[in-house]
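Each remark here refers to the structure printed beneath this line.
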Amino acid sequence: MMVPILHAAAQVIMVLAYGCLAVVVFRNAISVAQLMLASYVFATRVKPSSFSLDLWNRYSDLALPVSVIAPAYNEELSIVESVRALLALEYPEHEVIVVNDGSSDGTINALIDGFDCVPTDRTQIAVLQHTRIRAIFRSRKHPNLFVIDKDNGRKADAVNAGIGFARTPLVCVIDADSIIETDGLLRAAEPFMHDTGKMVAVGGAIRIANGCEIRAGSLRKIGVTKAWLPRFQIVEYLRAFLTARVANAEGNTLLLISGAFGMFRRAILLEIGGYRHDTVGEDLELIVRIHRFMRDNKREYAIGFVPEIVCWTEAPTTWAGLRNQRARWQQGALETLIRHRSMIFNPRYGRIGMFSMFQLVVEDVIGPPAELIGYLVVPAALLLGVMDPVIAVVFLCLTVLFGTGLSIGTLVLEEIQLSRTPTARDLVRIGVAAFVENFGYRQANLMFRLSGIRRHFRKDNSWAAVPRTGFSPMA
Amino acid sequence: MSIYSGLIWFCIWSTVGLSAAFALLIVRRWITQKRAPLKKARQVAITRSYLQRVGGFNHQNGGAGWPTGERLLAIGHLLLLLRGAERDRLIQLAEIDGLLVEVLRKCNAWRAARRIDAIRSLQQFGGDAAIAALRDVLRTDRHRIVRFNAAFALASFGRLPPPRETIELIGMPSRTPTRLDVAMMRAMAPDYADHLVRMLGDAMPHARRAAIVDALGWSGDHTVLPALLRASTSNDVESRCAALRAAAKLGHPAAGPWVQAALGDSNANVRIQAVNSCAALRLVDAVPVLRQMCGDPELWVRLRSEEALAQLDPITTGFAGTFSDPASPGLRSAI
């Protein structure tokens, strides 16, 4: 009696193991394809130069004006410096709209005092927010600075309020604590200059600011932190922004423009009703909705990506902060997938439906449980003696070794094409992190993602804050 | 070899290969760092040498082994600083030293990106050899974006071929004009305003006609005003808008009557552009009409009229406790 049960258990274990192996092979194949496509894009692209700057300086009114929308919540200590840096961005015509999202500290007073703001009667063109606007201010020192004071409604609501007040063809949505490169707006707006009206959104590469020298809201010196946790995230960001997004944008299958920096045609955001308020992954949901809207309406469109760094952001430095962030990302991905499930494998949505959404399913629905099952099943199968040790070695090679190889491949790409890592020592630091992340960090990340799945099924939509340590010189 | 062992060896060798490449890059970076002070000193020496030669001094040439790339870098920096005869002399010296040979060779590189790099270098230099090479690229390169960059480089020297030829060479007839095409047309306008006016008599798509009308505003030549007046009564909305934009850019008061007449246009986009142009031309006579337009059924017409009034009628609006919202001219012209 026991033998058939054991036999059946062994069969189940092996089926699970092979299933996990198939998922790993699929994910690695996608990563290899992305790395190769990104390498091709980098090798054949026209490198940026002062050419575009010269051109735009000469024909400044051809560069589409931009409204930079910066939602702020309880940022009393840093908001004035952050906004000064936004006002100082190199761009022919830009206005800054800071939306104080019902801060409980002195953020609004800091803005009013810091920029000599007075009430203004600016008309709200579209009401996309769900909360009450308390007041609108305009700076007397900087006529291109507007401050919207509103009740608290989270980031999506704050950005929607800002979009409603924007009057420019382009809007750039950022986090108030993001550090934008001085020419970041110019770089991000460049695809719109070559465009005949199809480009609806552009994302840009984002890097980790931990370890960099930040003064007065501006990046003074690039550095790489010695702390392990942000270093692991540097590797992750490089993989995401230099390979996955570059490759996806090349095939017009980009599904995510980070909430820390994204440039959009204002008209399209108004048409689709702005960001959704009922999701914690509003940036992913927005782009998927844009794809859906444009394809439903049979309109030609493009979503671009600029591989140059446009923005620096602070990464969580504690495990608790990382858990909150990653769980939120996972939950947001599930919410988006469920909301737009009819797109999956739907030929009406072209390569988005047939490929990108499926890839999202593998990455965010099947991927985390498959990885967990792999960690449990492979040792169990080895112990039970039902798995050939060679297959276990294949597992190890495909996950740890090949995963490290892909990360190193991304570092090679970065060093050849962008070379923004400051020193050889920093390169070594990041390279070591690419290897060490396989032992502990990756598994912890998996647990955080699983907790995000649990939060989703418990319908827990509370916003778990990511603690920030803030920027200090050579933090 | 089974599929499993094949997979294992593939993982091992690909990771080892990439790691070796990364290690080499780290070593390269380390060497570059170590040599940085030396390179900096050499740059100073090269710069000093060229400055002395530009000044007419015979520099003891100890730099026969200076790399071409570093020489070009130093000259590139000096070109930003020098003007007039000194600049011309520096370009001559670069040609005498054979520095442009390498750049000219890159104009025939296989990869378009490298050819564009070469064009940018030539744009930095100028001089007869560079302009001849750029014209050659504009006429013969197989890649449109390369030709486009060559055209921009020539535009920066004011040496573009006539508009019909340029438009053909950058492939404008076969596609919808982009904002860069508009920039190109504007770059041609100061030298070829009469050509552009004549071209308006040709049959062409509305978008290209609008781009040409728009460019006339950048000609600085007031004799184009009759052509703009004709465009302002065109059936095409884009051409009417372009005429109003061009009139605002030219800033000639003779355009006032027809710009004001456009405030009553049936198309909202034209009315918006007319409002913007009234503000740009400081047409205070238009204030009563603009006040009426604050009640226009179109939101954007109302908004732009309010902004124009804030500029033209500072007595009734302006900074006073609460203040209205005059957007900057660029923001205004965006819609």
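Heavy-atom minimum distance, A/Thr196 versus B/Pro177: CG2-O, 4.3 Å. Nearest heavy atoms, A/Arg167 versus B/Glu307: NH1-OE2, 2.6 Å.
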### Task
Could you walk me through whether B/Arg179 and A/Leu64 pass the side chain to side chain contact (heavy atoms under 4.5 Å, CB included) test, one step at a time?
CA-CA 9 Å; B/Arg179 298 180 78 79; A/Leu64 288 165; 3.4 Å; yes
### Message
The test is side chain to side chain contact (heavy atoms under 4.5 Å, CB included); show your working for A/Thr44 and B/Arg111 and say whether it passes.
### Response
CA-CA 7 Å; A/Thr44 55; B/Arg111 278 167 45 197; 5.6 Å; no
### Task
Kindly determine whether A/Leu427 and B/Leu25 satisfy side chain to side chain contact (heavy atoms under 4.5 Å, CB included), including the steps that lead there.
CA-CA 9 Å; A/Leu427 277 175; B/Leu25 288 170; 5.6 Å; no
### Message
The test is side chain to side chain contact (heavy atoms under 4.5 Å, CB included); show your working for B/Ser5 and A/Val390 and say whether it passes.
### Response
CA-CA 8 Å; B/Ser5 57; A/Val390 174; 5.5 Å; no
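Within 6.0 Å of the NZ atom in A/Lys198, the count of heavy atoms belonging to other residues, nucleotides or ligands does not exceed 12. By the 6.0 Å contact criterion, NE2 on A/His194 is enclosed, its count of non-hydrogen atoms from other residues, nucleotides or ligands being greater than 12. Remark: A/Tyr301 OH is packed, more than 12 non-hydrogen atoms of other residues, nucleotides or ligands lying under 6.0 Å away.
For the set B/Arg115, B/Gln33, B/Arg29, the count of heavy-atom pairs under 4.5 angstrom toward chain A peaks at B/Arg29. Between chain B and the options A/Thr404, A/Leu170, A/Val394, A/Val393, heavy-atom pairs under 4.5 Å are most frequent for A/Val394. Interface check for chain B: of the options A/Gly197, A/Gly403, A/Pro422, A/Ala434, the most heavy-atom pairs under 4.5 Å are formed by A/Pro422. The greatest number of non-hydrogen atom pairs below 4.5 Å with chain B, out of A/Leu396, A/Ile391, A/Leu406, is found for A/Ile391.
For the atom pair A/Arg45 CZ and B/Ile116 CD1, the distance stands at 12.0 Å (nearest 0.5 Å). Remark: B/Leu180 CG to A/Met193 CE distance equals 4.5 Å, nearest 0.5 Å. Interatomic distance, B/Phe10 CZ to A/Cys397 SG, rounded to the nearest 0.5 Å: 11.5 Å. The line from CG of A/Leu411 to CZ of B/Phe22 is 4.5 Å long, rounded to the nearest 0.5 Å.
With sequence neighbours excluded, the residues satisfying salt bridge (Lys or Arg N to Asp or Glu O under 4.0 Å) with A/Arg420 are A/Glu181. B/Arg175 is linked by a salt bridge (Lys or Arg N to Asp or Glu O under 4.0 Å) to B/Asp181, counting only residues two or more places apart in sequence or in another chain. Residues forming a salt bridge (Lys or Arg N to Asp or Glu O under 4.0 Å) with A/Arg299 (at least two apart in sequence, or on another chain): A/Glu271.
Using a 4.5 Å cut-off between heavy atoms, A/Phe137 does not touch chain B at all. Looking at B/Thr176, the atoms closer than 4.5 Å to chain A (heavy atoms on both sides) sit in the backbone and in the side chain alike. Contacts between A/Ile136 and chain B at a heavy-atom distance below 4.5 Å are absent for every atom of the residue. Using a 4.5 Å cut-off between heavy atoms, B/Arg114 does not touch chain A at all. Within the 4.5 angstrom heavy-atom criterion, no atom of A/Ser407 approaches chain B. Within the 4.5 angstrom heavy-atom criterion, only side-chain atoms of B/Leu7, from C-beta onward, approach chain A. Both the backbone and the side chain of B/Ile12 come within contact range of chain A, with heavy atoms under 4.5 Å apart.
A donor-acceptor pair under 3.5 Å links the side-chain atoms of B/Thr15 to the main chain of A/Leu401, judged by distance alone.
Of residues 206-216 of chain B, not one residue has a non-hydrogen atom less than 4.5 Å from any non-hydrogen atom of chain A.
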